Each structure stands twice: as structure tokens, then as C-alpha cells.
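Here the structure is a predicted model, which means the values were calculated and not measured. Proteins get letters first, then strands, A, B, ... in listed order; numbering begins at 1 in each.
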Number of protein chains: 4
Amino acid sequence: MTQPREVREAIMSAALVVFTEYTYGGTAMAPLAERAGVAVGSIYRHFPSKEALGNAVYRRWKTRLGAHVIDSVAADVADEPIRARFGRMWRGMVAFAVEHPDAFAFLELQQHQSYLDAENAALTERIYAAAGELISAGQARGEIRPGDPTVLMSLAYGAFIGMCASMRGSGLDEERLALSENAVWDLLRCP
Amino acid sequence: MTQPREVREAIMSAALVVFTEYTYGGTAMAPLAERAGVAVGSIYRHFPSKEALGNAVYRRWKTRLGAHVIDSVAADVADEPIRARFGRMWRGMVAFAVEHPDAFAFLELQQHQSYLDAENAALTERIYAAAGELISAGQARGEIRPGDPTVLMSLAYGAFIGMCASMRGSGLDEERLALSENAVWDLLRCP
Amino acid sequence: MTQPREVREAIMSAALVVFTEYTYGGTAMAPLAERAGVAVGSIYRHFPSKEALGNAVYRRWKTRLGAHVIDSVAADVADEPIRARFGRMWRGMVAFAVEHPDAFAFLELQQHQSYLDAENAALTERIYAAAGELISAGQARGEIRPGDPTVLMSLAYGAFIGMCASMRGSGLDEERLALSENAVWDLLRCP
Amino acid sequence: MTQPREVREAIMSAALVVFTEYTYGGTAMAPLAERAGVAVGSIYRHFPSKEALGNAVYRRWKTRLGAHVIDSVAADVADEPIRARFGRMWRGMVAFAVEHPDAFAFLELQQHQSYLDAENAALTERIYAAAGELISAGQARGEIRPGDPTVLMSLAYGAFIGMCASMRGSGLDEERLALSENAVWDLLRCP
DNA sequence: CATGAATGAGGATTCATTCAT
DNA sequence: TATGAATGAATCCTCATTCAT
């Protein structure tokens, strides 16, 4: 806890936990500090404001979650079918949600408009856009059903979030994972 | 505005608007009262607390939204195919979201854990369960793919919410509605 | 204390007292509220911020003090000698300082740059300018010594403030008043 | 900077600058330390508290400013006219204000009651008293007008401060200096 | 001795709720 | 019954001071 890095980590880690449990707006700095094992004032040595802390936590985890999406799109392996790329993206997001359930709940099950900065808004947009490209590419190849890609993306991503929300706590087994992946692919693919 | 009923209505109506715009937590009683055209103190004659008001608003609209779900399930018309019942439910929810965009945004695009009472939690559960029954019935008839009905329901309802969220503002045309209904049905139906 | 006016007055009155004793920056809202006999939150119903309260107090008293200056200049009685007008202004300011020692100490013995708004800065300028006009008029009539009017004004007003500061507490008798008036007039007048 | 003496000097020098710019109360220890090129903690090795530092700075400069006053009084050159001694004192103070504008502004244009210790209060008194003696001596010799010496002193010193305050920034030329010296002497001298 | 991160009391401000009118 | 001013606990943030390295 003596390394500045460690304190910063302790704060970000505690922030994720308490923000996830009580939401950003519902969390006071005092309990957050207590959870991190530091004094309130110490938080302000590492983050200029609660808002900055919220954005730092959001940015860190959204970036990691986005990596799964962006990687799976970027990996433009020659003639790899869209289905395979979708599968990679889906399982990547599932892996993230399973490994970091708090981070996922914080990111996708809560609202952030009130404090998100422009950089984070852009980051969120970028990830959305990357997923949209996968849809468009699939449509171009006749593997994904025609129609407004935004609608399809919202449906698929909404489905993912809905599933994660409902499974939060109970856990996801292989069977359920396969079910949801196949079901959402059927939502997307050309019938 | 002299009838107690009318005042209560004015308050609930104003609450829906401001809660939707600023969220429950982000709304102070003073602007709410101003919007309703009453004094702050008057709100407390009709609702014992902000929490109670939030729950009243939630209950009213969740009940109405739930009616579309429950009705479409209850209407156990002999051998009506599940697809038709799903279509009725889907279009019912869409109609609700289109007719009452504020209410829908309030109900499904915001978080309520911090103040929802047990009754409302149960109500939400009940609606979820009703939708789950439609899934189960469809599975029993071989029309909906096998697997954990909760997963399928979360996927489908999540897709619905995701679509509504992304379309909020821009609006939903017939084409997009048809697209989403078909896509989500393909998510549910036996492949 | 039930009239809003009375509460506002109580707050402004308490503010003058505590600001004078502890300075604006050295005064916390809690003791101020206690002195005014109201809760801290009540202050914010009447003044949007501590800064606004400080400015309101400053404005009120600076306006009153300035009236003595401006009136004595405005009263452009035909051929009234400058000496007479100076005497009126001087005694007016003395009367103010004697009747409202707290207000005078607050206004002239403390610093306000950190919170004064533009309106108050302009007000202060205006009063300074009015006094400057008296000097210029006196110079034009050959009654006040030639030279930069700003310098003469700063000397005279500084002398006034210095005297009031040093007399704060002990009080000013007729003899001392006459002495200071004559001395400052000799500072100004053509030798 | 390795000599304790040098560090102490760096701190006192930085303190004068930042206190003058932001006032004692408006200055935090961190920027003060940064300006001095030392760590915050190091300040506390040389001064037990912010208050002690403020008093040290005040004491140093008030002593130097006071020297001009006290010297001009002490120099009881036989039959030197009071006018000459006043002139020396006046020009001494002007020289100080011109050579050390920050120090003068800090000392005379700011408030120190909130932290000044007894020693500094006594020092201030002593200088005041010394100047008062010059007045009394002048009165005894019939060169300064009769009346309460304290009043005359406050008037004269207030005039000096007022002039310096108003000239801060723009600067004092020879003409204005002569004007002010003569004017204040006319304030003091027997008419 | 110097450092600067950590501390936590204290300050301004907000807002759900109460209650005198 | 309706009003809205009053309340004061709770919030975010600052900063003088301490102390482990």
C-alpha cells in the first residue's frame, strides 16, 4: 500500500466494487475510502474528483471489454466466416462478464451519462461502431440478415446484456452459453 | 386541480417526466413540485416520501406494460400458435414503448434497485414469469428452441430493451419493427 | 422572524457582524447561521452562495457610504466653496463611520477582491470617481492644490481610513473630528 | 539550497511572494513549497506552523520598514527641523515601498489580525509609537499642528498607505512623490 | 534531513422532509 | 387543505500537519 501505484489500484478496485453495488451516484466518498483502506483525502491525491475517478474506472474496464469486441472484428482472417468471428466475439464478451462480473455489471447494467467525459463517450461509440462493422460485413457476405445494422446490433447486444443481468449471481454453465450464442446468432443470421 | 385525485395525477405525471429526464436519484422535490404546479409540501400529503412516489410511478407503468405481456400469455386461445402469441406480445410492448416513450424509458432504461419496494419487485418478477411461461409453452409445443427458459427470456427481453434504447429519439418505422420482431422470433424459435 | 424579509435581514445583519470580526474568508457558514438564529440551509434560501451574501452585504453598505460622498458632490450649490463641500463630505463619512462602525470596518478595513462581483467593483469605482470630481472641481477653482487628482484623493481617503482604523474602539470626539477635517483639508487645499 | 539557512530563505522569500499575491489565508502550503523549491514537509522543519511562517515573514519586513521610521526619529540631530526629519522618514518609507513592493503590499495592504502573534503586534505598536514621537516632538517645537498625535499619525500614515495602494502597479514618479510629501506635510504642519 | 503521500477535521452546499401559517 | 420557508444531516472537496521512507 506504500507504492503510489498500489494506492491508486486499491482505490480503483474499491470504487468498482462500491459503484457496482450502490451505483456511482449512490456512493459517498467516505465508504469508498474505507473500503479502499485509505483516508478520504487520499483519494483526491490520485483523482481530482469523484467524477474523474468514475471515468477512470469506466475507462479501464470499458477498454478491456472493448478489446474483446475490437479484436474479434479486427482479426480479419481471409475467408473466415462471420459466424466464426461472431462466435469469438460472443465468447470473448462472455469470458469478460464471467471473469469480471462486477466490472461488467458496472459497465453495462448501470447508467453513466451524468458523469461520463467525452473520451469515454467516444470510447463507447468506438466499440459500438466496431460491432456494427461486423454486422455490416456479415450482411455484405450474405451471412447476416439484411436490414438496419444498428437495429440488429442493438438487439444482439441487448440480448447479451439481458442474459448477463439475469444470470448475475446464478452463473453461466456451458449449456446456457451455447444456447445463448446459438440463439443470438439465429437472431442475426440470414434465415 | 382542486380534486385530490387531480393533484395526485399531476404529481405522478410530473414525476414521470422529470424522473425520466433526470433519473429518480437526480431529481429534487422542488423542481418536481414546480412541474406539477403544486407546492413541495403538497406532494407529501399524497405520498409519504419520495421513495413512495417513485414506487407509485413505477407500479402504475410497470403494471400497464406488464398487462401487454400477461394478456398475450393469458389469452390461451386453443391452438393458437406460439408465434402468433409472441407477435401479439411483441407488438403490444412496442405499442407501449411508442405510445408512452417516457414511461418505457423510465421503466426499462433506468435503475430502480435503490428504492423499489417489495411489491414492485414482485410485480416485476411476475411479469418476467409470465413471459417465461410463454417460452415454456412454446417449448412444450416444439415451437421454441429447447433450453433454460430464463436464458431465452432474458435474451429476448434484453433485445427488446436494447432496440428501444437505441431507437429512442430517432423513432421506429414499420420496417425496423418487422425486422426486429422476426429477428427475435428467430432467436426464440426452434431452428 | 417569520417574514422572509426579516430572515433576510437577520442573515445580512449577522453576516456584517461576523464578517467584520473574522473577515469574509475567516467566517464559516455555521457560526454565521447561528448568529442569525437560523439554520445553515436557510441562508441558501435567501442567498445562492456565501459569495452572493458577501456581495449583498458589501453592496448595501457601500451604497449607503457612497451616498454621503456622491450627495456632497452632486449638491452643486452655485458658488458654494469647495471647502464647504469637502466639509460636508467629510462629516458625512464620519457620521457613517460613527453610526455604523461595523459596516465601515467591514467595507474599508478588509479586503474584498477575492469575492467582489463586477457590480460592486463598479460601485466602488463610481464612488471613487465622484470623490475625484470634487478634487478636480476644486483644482479648477484654484481651491485645491494642483497635481494628479488621484494621488490627492488616495491621500485624503487613506487618511480618513487610517484615522477611523486607529479610532476604532476608542471613539471620536468633536475635537478630534475638527482636527482631522482641518488637517485633511490642509492636505488638499492650495497652500 | 543545502544550507539550512538557504532553505529558510527560500521559504520566506516564496512565502512573501505568494502571501502577497493570494493573501495569507488564501495560500496553501503546497504551492508555497513548490514556489520555494522544497517539499511541504521541509517547511515544517524550519517553521513549526503556517502561522509561525506568516509571523516570521511579517516580522522580518515590518522590522525593516520600521527601521526607516525609527531611524528618522532616533536621528535626533540637534536642531534639525521636524520638516527635514519628516522628509527623511517619508522618503525612507517611499524607498522601501518602491524597492520592496511585495513586502510593502503584504505588510500594509493586507490583514494580519487572524494570525499575528504578540511580538509582532508589539512591534507594530512600537513603530507606530516611534512615528508618534516625531509628531509630538514637532508639536513641542511648534512645527506640527496641535492636537491628538495619534490622530495626526493615523491620518499621515493612512495617507501614505492610500497613496501606495492606489499607485501599486502604475508606479510613482518624482512629481507625484513631491506632491504627496508636501501635501502630507501640510496635513501635519502648523497652519 | 528531506521528501511527499497520507490523514481527517472542517468548509460550502444540497435536498428530503417538516410544520407554522 | 395547501403552502413554501426552515431544517440539518449528508455530500464533495480542501488543506494544515504528520510521519514512514
Side-chain angles (χ1 to χ4, degrees), chain A residues 1-8 11 25-34 36-53, chain B residues 1-4 7 25-34 37-54, chain C residues 1-8 11 25-34 36-53, chain D residues 1-4 7 25-34 37-54:
Chain A
M1 193 68 71
T2 289
Q3 299 288 335
R5 217 23 182 326
E6 290 173 37
V7 177
R8 206 189 142 89
I11 293 167
T27 302
M29 295 302 267
L32 198 166
E34 192 177 17
V38 302
V40 176
S42 300
I43 297 176
Y44 287 86
R45 176 162 298 279
H46 295 273
F47 302 93
S49 65
K50 183 185 179 184
E51 199 173 307
L53 172 58
Chain B
M1 193 69 70
T2 293
Q3 300 291 330
V7 176
T27 301
M29 295 301 266
L32 199 167
E34 192 178 17
V38 304
V40 178
S42 301
I43 296 177
Y44 286 83
R45 185 157 300 281
H46 295 272
F47 303 91
S49 67
K50 183 185 180 186
E51 200 173 308
L53 172 57
Chain C
M1 193 68 74
T2 287
Q3 300 289 334
R5 216 27 184 323
E6 291 173 36
V7 177
R8 207 189 141 89
I11 293 167
T27 302
M29 295 302 267
L32 198 168
E34 192 177 17
V38 302
V40 177
S42 300
I43 297 176
Y44 287 86
R45 176 163 297 278
H46 295 273
F47 302 92
S49 65
K50 183 185 179 183
E51 199 173 308
L53 172 57
Chain D
M1 193 70 69
T2 292
Q3 300 291 331
V7 176
T27 301
M29 295 300 267
L32 200 167
E34 192 178 18
V38 303
V40 178
S42 302
I43 296 176
Y44 285 85
R45 185 157 300 280
H46 294 272
F47 303 92
S49 67
K50 183 186 179 184
E51 200 174 306
L53 172 57

For residues 41-49 of chain D, please give each side-chain donor-acceptor pair under 3.5 Å, one per line with the distance, not counting sequence neighbours.
from, atom 1, to, atom 2, distance (Å)
Ser49(D), OG, Glu51(D), N, 3.4
Ser49(D), OG, Ala52(D), N, 3.0

Which heavy-atom pair separates Ala30(C) from Val40(C) by the least distance, and what is that distance? CA-CG2, 3.9 Å

Please check the phosphate of dA5(E) (OP1 and OP2 only) for any side-chain N or O of Ser42(A) closer than 4.0 Å. no

From CE of Met29(A) across to C1' of dG10(E) the rounded distance in Å is 17 Å

Given atom CD of Glu34(C) and atom P of dG11(E), what is their separation to the nearest angstrom? 13 Å

Arg5(C) CZ to dA6(F) P, straight-line distance once rounded to whole Å: 14 Å

Given atom CD of Glu6(A) and atom C1' of dT21(F), what is their separation to the nearest angstrom? 14 Å

Do the side chain of Lys50(C) and the main chain of Ala28(C) share a donor and acceptor less than 3.5 angstrom apart? no

Rounded interatomic separation in angstrom, taking CG from Leu53(B) and C1' from dC15(E): 15 Å

With a 4.0 Å heavy-atom cut-off, tell me which residues in residues 43-51 of chain D come close to DNA chain E, sorted by residue number. Arg45(D)

DNA chain E: Gly25(B) or Val40(A), which has the more 5' nearest nucleotide? Val40(A)

Could you write out DNA chain F as a dot-bracket string, with dots for unpaired bases, | for bases paired across to another strand, and Watson-Crick or G-U pairs counted at under 3.5 Å? .||||||||||||||||||||

Which heavy-atom pair separates Ala39(B) from Ala33(B) by the least distance, and what is that distance? C-CB, 4.0 Å

Do Leu53(C) and Leu32(C) come close enough that some side-chain heavy atom pair is under 4.5 Å? yes

